[in-house]
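Some notes on the structure that comes next.
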Amino acid sequence: MQDKYQPAEIERAAQEHWAKTGAARAVEDLSGQPARPKYYCLSMFPYPSGKLHMGHVRNYTIGDVLSRFHAMQGYNVLQPMGWDAFGMPAENAALANNVPPAAWTYQNIAYMKQQLKSLGFAIDWEREFATCTPEYYRWEQWLFTRLYKKGLVYKKLGTVNWDPVDHTVLANEQVIDGRGWRSGALIEKREIPMYYMKITAYAEELLAELDNLPGWPEQVRLMQKNWIGKSTGVRFAFPLADEFASTPDEKLWVFTTRADTIMGVTFVAVAAEHPLATRAAANNPELAAFIEECKKGGVAEADIATMEKKGLPTGITVTHPLTGEQVEVWVGNYVLMSYGDGAVMAVPAHDERDFAFAKKYNLPIKQVIAAEGETFSLDGWQEWYGDKTKGICINSGKYNGLGYAAAVDAIAADLAAKGLGDKKVQFRLRDWGISRQRYWGCPIPIIHCKTCGDVPVPDDQLPVVLPENVEITGAGSPLARMPEFYECKCPKCGGDARRETDTMDTFFESSWYFLRYACPDNATAMVDERVAYWCKGANFSGVDQYIGGIEHAILHLLYSRFFTKLMRDVGLIDFGEPFANLLTQGMVVAPTFYRELDGGKKQWINPADVDVVTDERGRPTGATLKADGLPVVIGGTEKMSKSKNNGVDPQALIDQYGADTARLFIMFASPPDQSLEWSDAGVEGAFRFLKRLWKTTHEHVAAGVAAACTGNDGLSTAQADLRRKLHQTLGKVADDYGRRKQFNTAIAAVMELLNAYDKAALTDTAGRALAQEVLEDVALMLFPIVPHLCQALYAALRPGRDAGRQAFPKADPGALVQDEIELVVQVNGKLRGSIRVAAGADKAAIEAAALAAEGAVRFMEGKPAKKVVVVPGRLVNIVV
RNA sequence: GCCGAGGUGGCGGAAUCGGUAGACGCAGCGGAUUCAAAAUCCGCCGUAGAAAUACGUAAGGGUUCGAGUCCCUUCCUCGGCACCA
């Protein structure tokens with residue numbers, strides 16, 4: 001054993017050893033009676049953006065700790081890795097550097113794979129794949145055609161961001177303050193035909209199954225529940241007066257969850273794209289101009305929801321279905337056409353948004369709900385106006401006096417009797433638009449024929465291969481300019497036809513990759529029996545442990561759940577939930593810096609290239625670019641991303657200190673589910689700890705290894721205390737790894753143990769045996785976090801043994817017993833002293849001891865105890 | 001705007017079921033070692049105070065013998081909002 005800790009050398013040796021012994025290779029046991037339980041541990045695969053960032057290191061270290069810990073617990077572990085390889089950044093790189101997206105992607109994969117390997121993760125690399133290869137995406141094309149035939153994929157108009165200068169569709173991210181990121185042009189909404197996945201057909205199941213996912217954080221289940229947004233309400237119609245109707249029975253449909261307030265409707269608002277708005281605008285130039293204005297700007301809901309609410313009357317009126325009164329129809333920029341019927345009833349007295357709108361345009365406000373002890377006023381909005389749980393109907397004719405539920409029932413019944421509406425369950429969840437007018441994605445396997453319509457590509461013509469040598473111009477899709485791609489024959493009639501040139505949303509690839517890891521080499525089927533081996537548990541299905549960023553709490557995780565159900569219903573698998581246990585790691589965030597270029601575009605600067613000036617309290621006051629010393633603008637603190645250029649490359653850290661220090665440091669910095677503001681302060685401390693552990697072990701080994709202690713016989717009191725500490729730590733660390741999945745406290749516990757070890761006298765024979773036991777167990781306990789170092793330490797302590805193949809040490813109950821315990825004594829809840837009592841002392845004895853304690857006597861000032869609270873094993877509180 | 005999460009020393013964080021607030025580490029300060037430095041080791045380290053003690057977990061209020069933890073209100077930060085992944 002070397003006397004100095006040399007990470008580069010031991011990490012190389014350990015990685016060679018693991019490669020040679022196939023330590024991370026996962027092999028299915030398909031015997032039907034597996035000897036070991038399986039543990040499929042999956043971290044979200046990375047987009048190959050160029051380099052790893054700290055978020056990746058954090059994510060994959062968590063996965064590796066859990067994988068290695070479970071292997072030591074006797075599980076057959078699968079930890080795979082691959083590449084979410086389709087996506088926009090490859091096209092952006094092509095534009096910026098003139099590299100083809102495919103070449104750029106494969107280069108990035110090669111570099112990042114080498115980075116992952118240098119971190120020593122126990123990944124089974126034989127299962128690696130990139131989603132941009134035809135071997136992978138052919139199966140999603142194959143599935144797509146089946147879903148198309150089942151009617152679960154359909155075509156309709158969807159709204160996109162249109163850049164009128166570049167003549168291209170932009171992602172929401174590429175629309176900045178309403179302008180195109182490259183052209184600077186004002187963005188418009190445009191409707192184009194797109195394919196949609198009918199996720200709403202599964203809304204009920206996606207919602208209900210959330211209750212059967214105890215291994216998911218409550219937070220994520222709640223977010224998905226709210227996203228799906230099941231609401232029970234009433235969908236009803238306002239008939240149009242004859243003078244406005246284009247057909248005899250034309251009606252304006254709306255949905256509301258507050259049918260009890262229907263008598264308070266004072267106007268109706270429709271989306272700018274609503275047919276009524278279009279018709280009214282035909283001979284109303286002012287309205288036409290307003291509708292044009294509504295089309296300006298992007299489609300992102302966050303922008304629309306924060307916009308100033310504006311509206312204009314259409315001049316059309318509709319008939320209130322219950323009162324028969326005429327109600328004005330307005331166009332509102334906050335009403336979304338893609339949402340329900342694209343129209344809403346407005347009850348300004350009992351809806352905050354309607355209230356603000358009515359105030360602004362002087363529209364009538366009619367109170368129809370009253371609550372006991374509350375008074376209504378037109379001057380300001382009060383929370384109780386919109387509270388469903390209190391209040392009864394007033395000014396509502398026959399419904400007066402009814403509460404929420406009774407009023408809704410009565411009103412729905414009356415509307416139904418008139419044929420003008422009924423109760424309806426509605427979901428907030430919308431169908432998933434998957435068409436992208438982009439190049440670097442999976443081609444949608446559809447052929448458009450003038451005679452046969454849309455025809456799915458037959459199996460024997462799959463995959464539809466994405467051509468890799470194309471010219472990216474930033475204007476429109478390159479595929480639409482490639483006749484050699486889109487010119488084809490109709491599979492049905494054999495006539496000339498045109499291939500679809502849109503590609504799929506890249507969420508498609510990530511919605512099923514976890515299944516493909518079980519059988520990446522299968523060239524004849526999407527999945528096979530190995531999927532059942534890795535994904536079927538006794539009481540649950542799916543990946544045993546999934547780990548990834550909280551930013552995926554809704555979209556990726558919901559789409560994956562949806563896909564699993566689709567694949568089940570196509571008969572590919574026999575389970576419906578993809579992930580049994582989910583760990584959502586908090587974002588690694590870092591400050592952003594930028595300079596504004598001509599035309600308002602921002603040039604994002606990496607934090608590593610910036611010097612920050614702070615005031616005496618540590619708050620940043622300014623920043624300059626290292627290269628030229630001139631100021632840069634300080635942006636917000638955001639998740640590390642390529643687009644904001646605030647990712648911190650871990651490579652410098654690995655090069656300087658080694659992979660183990662990087663792993664230890666990121667695990668020690670904070671618990672996994674908490675967001676982490678990046679700072680490398682403290683890396684030195686992690687490195688110092690590893691050096692100290694090496695030195696301590698080296699000193700022990702240099703004096704000659706001993707047989708490890710197996711019981712308390714022959715130990716001094718102080719040595720027995722150390723041994724108790726060791727076995728308490730074993731229990732704590734196993735609990736932290738297994739149940740709590742909180743690694744910073746496990747590390748802190750081992751640090752404490754090592755501090756106690758340093759203070760103990762261990763030179764006698766019993767002490768040497770205890771030292772051996774402590775050091776062996778420390779090496780095994782820390783193996784999941786710093787495997788290279790522990791591999792070397794354990795080999796020195798137990799020559800010829802392989803740390804990774806050892807069972808995780810179990811706490812010895814015999815080491816934990818204690819004769820006396822310390823209890824805290826409080827007077828009126830304030831800490832006033834402590835007592836030592838026998839471990840088995842009864843309540844009366846504890847009370848007596850506490851009342852006699854010096855601090856208690858002093859602070860009771862002779863007053864009698866009114867009450868004595870004894871918390872076993874913790875404290876005594878004397879109330880006077 | 002809506003949905004979700006968070007806010008504890010100079011900093012990262014601990015306190016797992018309502019029971020000793022600040023474990024563990026970083027930074028800092030003092031000392032040992034050294035010709036000197038690095039490295040290493042020992043000690044101190046929430047605020048005020050000489051001390052006793054008082055105060056202290058974003059702010060304000062409440063429940064409780066006891067609140068960082070539970071409830072209400074407010075402020076701030078982060079994640080998501082359907083074409084970033």
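Hydrogens, waters and symmetry mates play no part in the numbers below; they use all other heavy atoms, side chains included. Residue numbers start from 1 in every chain, and the chains themselves are labelled A, B, ... in the order their sequence lines are given, proteins ahead of strands.
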*Name the nucleic acid region contacted by A:V868, choosing base, sugar-phosphate or nothing; use a 4.0 angstrom heavy-atom cut-off, strictly under.*
nothing
*asked:* Mind checking if A:S670 touches a base, just sugar-phosphate, or nothing, with heavy atoms under 4.0 Å?
replied: sugar-phosphate
*Could you tell me whether A:Q437 contacts a base, only the sugar-phosphate backbone, or nothing, with contacts defined as non-hydrogen atoms closer than 4.0 Å?*
base
_I need the CG-C1' distance between A:L555 and B:G79, as an integer number of Å._
12 Å
_If the cut-off is 4.0 Å, is A:T506 near the phosphate of B:A85, judged by side-chain N/O to OP1 or OP2?_
yes
I'd like a table of atom pairs between the protein and nucleotides 52-60 of chain B - only N or O on both sides, under 3.5 Å - with the distance next to each one.
| residue | atom | partner | partner atom | Å |
| --- | --- | --- | --- | --- |
| B:U53 | OP1 | A:R858 | NH1 | 3.4 |
| B:U53 | OP1 | A:R858 | NH2 | 2.8 |
| B:A54 | OP1 | A:R832 | NH2 | 3.3 |
| B:C55 | OP2 | A:K830 | NZ | 3.1 |

Ignoring hydrogens and angles, write down the donor-acceptor pairs under 3.5 Å from the side chains of residues 739-746 of chain A, residues two or more places apart or on other chains.
| residue | atom | partner | partner atom | Å |
| --- | --- | --- | --- | --- |
| A:R739 | NE | A:D735 | OD1 | 2.8 |
| A:R739 | NH2 | A:D735 | OD2 | 2.8 |
| A:R740 | NE | A:D736 | OD1 | 3.0 |
| A:R740 | NH2 | A:D736 | OD1 | 3.2 |
| A:R740 | NH2 | A:T745 | OG1 | 3.4 |
| A:K741 | NZ | A:G738 | O | 3.1 |
| A:Q742 | NE2 | A:T745 | OG1 | 3.4 |
| A:T745 | OG1 | A:D736 | OD2 | 2.9 |
| A:T745 | OG1 | A:Q742 | O | 3.4 |

*Scan A:D166, A:D163, A:T168 and name whichever one has a side chain to side chain donor-acceptor pair (under 3.5 Å) with A:S183.*
A:D163
_Whole angstrom value for the distance that separates P of B:C3 from CD of A:E551_ = 21 Å
*asked:* Before we go on, tell me: are the rings of A:F668 and A:F689 under 6.0 Å apart, centre to centre?
replied: no
*asked:* If the cut-off is 4.0 Å, is A:N755 near the phosphate of B:G25, judged by side-chain N/O to OP1 or OP2?
replied: yes
_Please report whether the ring centroid of A:F86 lies less than 6.0 Å from that of A:Y137._
yes
*Which value, in whole Å, describes the distance between the P atoms of nucleotides B:A23 and B:C44?*
12 Å
*Within less than 4.0 Å of OP1 or OP2 of B:A5, is there a side-chain N or O belonging to A:Q674?*
no
*Under 3.5 Å, is there a donor-acceptor pair between the side chain of A:E91 and the main chain of A:G474?*
no
*Does A:N172 have a side-chain nitrogen or oxygen under 4.0 Å from the phosphate oxygens OP1 or OP2 of B:C81?*
no
*Please work out if A:P671 contacts a base, only the sugar-phosphate, or nothing of the nucleic acid, heavy-atom cut-off 4.0 Å.*
sugar-phosphate
*How close or far is atom C1' of B:A5 from atom NE2 of A:H552, stated in whole angstroms?*
17 Å
_Once you apply a heavy-atom cut-off of 4.0 Å, does A:Y47 come out as touching a base, just sugar-phosphate, or nothing?_
sugar-phosphate
_Closest approach to the side chain of A:R874, judged atom by atom: which nucleotide of B:U20, B:U40, B:C65 is it?_
B:U20
*When the distance from CG of A:L676 to C1' of B:A5 is rounded to whole Å, what number comes out?*
15 Å
*Checking all strands, does A:T745 fall into the base, sugar-phosphate, or nothing category for heavy-atom contacts under 4.0 angstrom?*
sugar-phosphate
*Specify the separation, in whole Å, of atom CG of A:D505 and atom P of B:A82.*
12 Å
_Under 3.5 Å donor-acceptor, A:K360 side chain and A:K309 backbone_ = yes
*Phosphate OP1/OP2 of B:A15 contacted by A:Q742 side-chain N/O (<4.0 Å)*: yes
*What integer number of Å spans the P atoms of B:G25 and B:G43?*
12 Å
*Taking the C1' atom of each, how far is B:A27 from B:G46, in whole Å?*
15 Å
*Syn or anti for B:C81, taking syn as within 90° of 0?*
anti
*asked:* Between C1' on B:U16 and NZ on A:K741, what's the gap in Å once rounded to a whole number?
replied: 14 Å
*Are the aromatic ring centres of A:W512 and A:Y136 under 6.0 angstrom apart?*
yes
*asked:* Taking the C1' atom in each of B:G28 and B:G12, what is the distance between them to the nearest angstrom?
replied: 16 Å
_Please give the distance between the C1' atoms of B:C45 and B:A36 as a whole number of Å._
28 Å
*Between B:G7 and B:A14 - P atom distance, rounded Å*: 9 Å
*Base, sugar-phosphate alone, or nothing: which one does A:I747 contact when heavy atoms must sit under 4.0 Å apart?*
nothing
*Pick one for B:G9: is it syn, with its angle within 90° of 0, or anti?*
syn
*Between A:A305 and A:T637, who's closer to the 5' end of RNA chain B by nearest nucleotide?*
A:A305
*So, is A:R688 close to the B:C26 phosphate, meaning a side-chain N or O under 4.0 Å from OP1 or OP2?*
yes
*With the side chain counted from C-beta on, respond yes when A:S435 and A:I444 share a heavy-atom pair under 4.5 Å apart, and no when they do not.*
yes
*Could you tell me whether the side chain of A:Y60 and the main chain of A:G55 form a donor-acceptor pair under 3.5 Å?*
no
_For a quick test of reading the model: is some side-chain N or O of A:N226 closer than 4.0 Å to OP1 or OP2 of B:G4?_
yes
*Centres of the A:F508 and A:F563 rings: under 6.0 Å?*
yes
*B:C81 P sits how many Å from A:N161 CG, rounded?*
13 Å
_For a quick check of understanding: with a heavy-atom distance under 4.0 Å over all strands, which category does A:G433 fall into, base, sugar-phosphate or nothing?_
sugar-phosphate
*Is the ring centre of A:W678 less than 6.0 Å from the ring centre of A:F665?*
yes
*Using the P atom on both, measure B:A54 against B:A67 and round to a whole Å.*
15 Å
*Where each pair must be Watson-Crick or G-U wobble with both distances under 3.5 Å, what dot-bracket representation of RNA chain B is obtained, with crossing pairs in [ ] and other-strand partners as |?*
(((((((..(((......[....))).(((((.......))))).(((....)))..(((((..]....))))))))))))....
*Roughly, in whole Å, what's the span from CD in A:Q219 to P in B:C78?*
17 Å
*Looking at A:R740, does any N or O in its side chain come under 4.0 Å of the phosphate oxygens OP1/OP2 on B:A15?*
yes
*Donor-acceptor pair under 3.5 Å: do we get one between A:R739's side chain and the base of B:U16?*
yes
*Remember a base hit wins even if backbone is also touched, and classify A:F507 as base, sugar-phosphate or nothing at under 4.0 Å, heavy atoms.*
base
*Provide the distance between the two C1' atoms, one in B:G79 and one in B:G56, to the nearest whole Å.*
31 Å
*Is A:V169 touching bases, backbone alone, or none of the nucleic acid, heavy atoms closer than 4.0 Å?*
base
*Verify, without hydrogens or angle tests, whether A:R190 (side chain) and A:V160 (backbone) share a donor-acceptor contact under 3.5 angstrom.*
no
*Which residue lies toward the 5' end of RNA chain B, A:A748 or A:E677, if each is placed at its nearest nucleotide?*
A:E677
_Contact under 4.0 Å: A:N744 side-chain N or O vs B:A14 OP1/OP2_ = yes
*asked:* Rounded to the nearest 0.5 Å, what separates atom OG in A:S670 from atom CZ in A:R58?
replied: 4.0 Å
*Does B:C84 have OP1 or OP2 sitting under 4.0 Å from an N or O in the side chain of A:K639?*
no
